[in-house]
Amino acid sequence: MRILPAVLLSLLFLLAACKNTLVDPPPGTAPGAVSKGVYVLNEGMFGDPAGARLSFLDLLTDSVYFDLFETANAGAHLGSLGDDLEVYGDRIYTLMSGSENLAVLDTTDHALVQSATYAGTVPHDLLIDPLRNSIYLTQLFSGSVARVDLTTLAQLETIPVGANPQGMAFANDYLFVCNSGFGSGNTVTVISAVTHATVETLVVGDGPTRAVVGMDGRVWIACTGNAFGTPPTLGSVYAVNPISLIVEDVVPFPENLWGSIAAGTDGSIYLLGVTSGSFYGGPVHRILSSSLAIEMNFLPGTYYSLAADPATGRIYAADARDFQGDGELFIFEQNGTAVTVVPTQRGPGAIAFRY
Amino acid sequence: MYLKANQRFTANDQSSQVDSTAVYQPLALAFLSGEQPAGSGQGPFEFDEIVVRGLWFTPTLRQTHSAVTVLSGHELDIAPSRVLSGVMSGVSGIHIKDYGGASALKTISQRGLGAEHTLVLVNGMRVNSFQNGLVDLGLYPVDHLERVEVLHGGYSAAYGSDAMGGVVNLVTAVPSGVPSGTVETSFGSFGYQKISAGGGAGWSGGGVHASVASEKGRENYPFAFVNGPVETGLTRTNADFSSEYATLGGFIGLDKETRMSSFIRLFRSGRGVGGPVLSPSTASVARQTDEDYLVQLSVVSSGESGTRLSGGVQVHSAYQRYQDPSLRVGPSDGLDTYFKNNDYRGSLSYTRHLFTDLSVSVGFEGASTRADGLSIPAAVTRWHGAAFLSADYSIPVSPEIFRQLAVRPAVRFDSFTGVAPSLNPQVGILAGFQDVTLGRAEIGTRLFASYNTNFRVPTFNELYYQGGGGIGNPLLRPEESTGFEVGGGFSADLGGLHEVTGSFYRSEMTDRIVWVSAGSFGVTPRNIRTVESSGTEFTWFWRPLNDIVSVRLNYSEIRSMKTSQESPTDRNLNTFLVYVPAETFNASAGVSLPPVFPGVERIEWTAAYHYVGLRYTNEDNSGSLPPYHLLDSGMSVDWGLGGPVLTTRLDVLNLLDAAYQVVLGYPMPGRSFRLTLAMTY
């Protein structure tokens, strides 16, 4: 039964692709200074010192640019294992966990304007608090979060959290840190962005990995479940009120989740599931936040990362294709209608939008 | 002291008379391999007479039906690199995957296949890890080796599992039976230090030798981290090592036809694991401990007309512990894992000449291997039994044309608990032609061909692993391969002795085990890959000034490709396997001067050049490492002190100070020096 939707989806993409011809810019070129579009930070192969690559889908020209950093910086590379990125103002903040560095690029030409290395910390996810001039970096094997000065990139302090912290979300002046434990953890640490102190430790499902603020203002946390636990546990999603810091809703899933989560402009919450036999993600499931009804396999496929455009509501789901080569970025309307598919580089792990 | 190239030992002279004639004597093989030197009692033998334990024929360099390489004790002695990996990197068709300096992991790839597809033997008995299939060549110093024998191609019909790309047999040195003693010390670059001592004694019909050694180094070599136009000078960290090892070997003649020999090796090391260098600030804190204990006992009885009965037992215990306090997952304080394998095995073989032209061998092998550790849920014991049958038949042919025409069929059956059994045949043909005279040169030519099937039994990790991120698959089948090889060679005495061999090979491996996604954040091994390997190998050995100068060249070209599509979305079909060089070229030259200066007994100089071609670093072949060139050289002088001999030796590795990587992210050391002083009685 799953084959038929996939076949139909492919046909829809074929038709959609015919409507929007993808321009293939020559290698070594870059988008214009006023382009708007979608950045993809591609992880690269584990152990490759130069594996992290930045690509860009220019929505104005329907072009995809590869190796943006190399093109703008005389062939230098971002680093190893690009894991997270965020666009703020005219800057792109890219975080590489393998080479443990944060590289800040100018959005006009993607030249490196600033960089810092946080040796021995394995920084994995980042979140910018512009109001307090801070960047927060989860330190994957240290059980802590680092607060970094947004201007100088100097590390200011380290805040202890739970084991193997990954994704974060920011709401009501609180930082919500998901302590995944790679499945064995079950807490979310709540840190005050004003005092930088821990104010609460929420107990959620096994493997809290990523969090997002929904249109309802609540913090939605994707818990993968623990496939290796005794007994194994399945995935779940928790909705937390950022004012009361109380878990208000729990949505259990009938299978494990991948951990990626995104918020739609129509109030939907999108999650990545796990495709049986794959180590690189799964289909997109959807939760209707009004009713908490689950729509399994809302977008069939095996997607490695997920994002929703807060401006248009479009869903961006990237397929890593088992890391055996370049990946693909699938674009859907909010109702699941396919728009197009564009190439990415190896391991499309993080997506951010530029307006 | 061990028997080396400057001594001659008469084959059947158990009183161990010695004189200083520079002729090599492969006695180690005579009683550790179960083979009597051909024509025993006829005196010493030339360097190219080799015997490999367990083979049903006598594979001299001129009598093999496939490519064979022998590194003699003398070559091991004078090689600039004093480690097995460095010596073997110059062998045709072999690529050493080296992860750094002296402390780093070093594994062998033969004919484009993986490390688990080369069977490594010590005195004819297997030492491949049953946990992961690998042999870390860095744990095998060459000090106590008499020779290294390399069979190229599949030989599961003789040796069973893992002999798919080839076989490497490390033959330990034989006690000379002469009272002896050696003390040696070395100093070198990056904090290298070594001290060793050994001594031997002999009696009528027997001898014993023991040695101990301690070795360490900081391995803090400089290297450049290159990121586009920016080059940052760095120093390798957490790559230090220290190791201690001891050996004890002996033999005793039980009667004039029967000898018993034994070998014991105890090895222990601790080392840092530097890991890949991903940035100028990369710092690893991982550590690894290895303990390896090996005990062998063998008995060989040779009767009339080439009848031979040989048997041996071996106990091999391997322990490895890996610690990385920075890898804290969940509530753990860091990664701390270990495995331990205890292997007990025995073999028995009987060879008999049924007729003048036909000899038949039959044999059995049995083993019990136990695996224990944190990566498998419970201790596992695997039993293994094997039977093999082989023949060597010389076809009566016209003696005017053929010197020899031999057909060599063999078959072996292996059964392992928990895994499907495997039956593997092999047939080889050798045609040796009578020497022809061209001018003043006598030229002997030969052609050979072989067909073989081979297999590799899944390792304990592949079957039973249950650690972070993965799970074993107890339903795995053995990997299988089918291959053939054709080749030929000639020998000529023209301005010195020339030996030239060339061969073409092709093999297809099916059911190759690959770790793939298992869903739920894990990987699991499956029999899903097909690999086709083909290539050519060419070797040339020349001794232009009898025993004074030697030159060796070899070239190999390898195409090893993935020819299976492992999922509907797998686009990497007919792509080259990673880290297999497209071609390699090695050249070495050695000069050994007899006593020409007062007080100097010998001067030796050697140089070795290595070229390794391009290697792909990922499965879609979009990334690669460039070719590299290396030059090593060494010189030693033996000073006679009126009895004892003082040896001074200087070795220079990577003389050209090449900056290169064998594996992406693992910088290799630049130019390095080593000075050795040894006193031998």
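In what follows, chains carry the letters A, B, and so on, assigned in the order in which the sequence lines appear, proteins first and then strands, with residues in each chain numbered from 1. FYI, side chains are in, hydrogens and waters are out, and symmetry mates aren't considered; it's all heavy atoms of this structure.
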Worksheet item: Are the side chain of N572(B) and the backbone of Q324(A) linked by a donor-acceptor contact shorter than 3.5 Å?
Response: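 Yes, N572(B) side chain to Q324(A) backbone: donor-acceptor pair under 3.5 Å.
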
Worksheet entry | From D326(A) atom CG to R571(B) atom CZ, the distance as rounded to the nearest 0.5 Å |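 Nearest 0.5 Å value for the CG-CZ distance: 6.5 Å.
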
Worksheet item: Rounded to the nearest 0.5 Å, what separation is found between the CG atom of N618(B) and the CG atom of D48(A)?
Response: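 Separation between the atoms: 8.0 Å.
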
Given heavy-atom pairs under 4.5 angstrom as the criterion, report whether the side chain, backbone, both or neither of [X] touches chain B.
X	answer
N164(A)	side chain
S184(A)	side chain
A74(A)	both
S142(A)	both

Discussion item. Can you tell me which of A163(A), G143(A), S99(A) forms the most heavy-atom pairs within a distance under 4.5 Å of chain B?
Written reply: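 Of the candidates given, the most pairs with chain B belong to S99(A).
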
Practice prompt. Return the option, out of A76(A), G120(A), G75(A), with the maximum number of heavy-atom pairs under 4.5 Å with chain B.
Written response: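 Going by pairs under 4.5 Å, I would pick A76(A).
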
Fill in: Contact class of Y666(B) relative to chain A, heavy atoms under 4.5 angstrom
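Answer is neither: Y666(B) stays 4.5 Å or more from chain A.
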
Practice prompt. Name the member of L327(B), D570(B), V329(B) that forms the most heavy-atom pairs with chain A at distances under 4.5 Å.
Written response: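 Ranked by heavy-atom pairs under 4.5 Å with chain A, first place is V329(B).
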
Discussion item. Less than 4.0 angstrom from a charged side-chain N to a carboxylate O is my criterion; do R346(A) and D620(B) meet it?
Written reply: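 Answer for the salt bridge query: yes.
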
